[in-house]
Trainee: 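Dropping the structure in here first, questions after.
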Amino acid sequence: MASDSEILARLSVSLPRSLYRQLRLHALEQDTTLSALLARLIRKELG
């Protein structure tokens, strides 16, 4: 997650509705927010 001193930037993405629903459900199952889930997935991808 972002540290308290880290400035956040907004990112807007367009996804197929079915993928958005899958992502939202996955975040719910992981007990996290979409933002936190996406940040984690991006960090993992960037290595």
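The chain is numbered in sequence order, starting from 1.
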Trainee: What distance separates Leu25 CG from Gln30 CD, expressed to the nearest 0.5 Å?
Mentor: 10.0 Å
Trainee: Return the CD to NE2 distance between Glu29 and His26, rounded to the nearest 0.5 Å.
Mentor: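 One gets 7.0 Å once the value is rounded to the nearest 0.5 Å.
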Trainee: If you measure from OG1 on Thr33 to CZ on Arg40, what distance do you get to the nearest 0.5 Å?
Mentor: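 Those atoms lie 9.5 Å apart.
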Trainee: Taking all non-hydrogen atoms of both residues, which atom of Leu34 and which atom of Tyr20 are closest, and how far apart?
Mentor: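 Scanning both residues, the minimum pair turns out to be CD1-CE1, 3.8 Å.
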Trainee: Give the cluster check for Leu19 versus Leu23: same hydrophobic cluster or not, with ILVMFWY residues linked at side-chain heavy-atom distances below 4.5 Å.
Mentor: yes
Trainee: Report the distance from atom CD1 of Ile42 to atom CG of Leu37, rounding to the nearest 0.5 Å.
Mentor: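 Taking CD1 in Ile42 and CG in Leu37, the distance rounds to 9.5 Å.
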Trainee: Rounded to the nearest 0.5 Å, how far does CZ of Arg17 lie from CZ of Arg24?
Mentor: 9.0 Å
Trainee: Under a 4.5 Å cut-off applied to non-hydrogen side-chain atoms, are Leu38 and Leu11 in contact?
Mentor: no
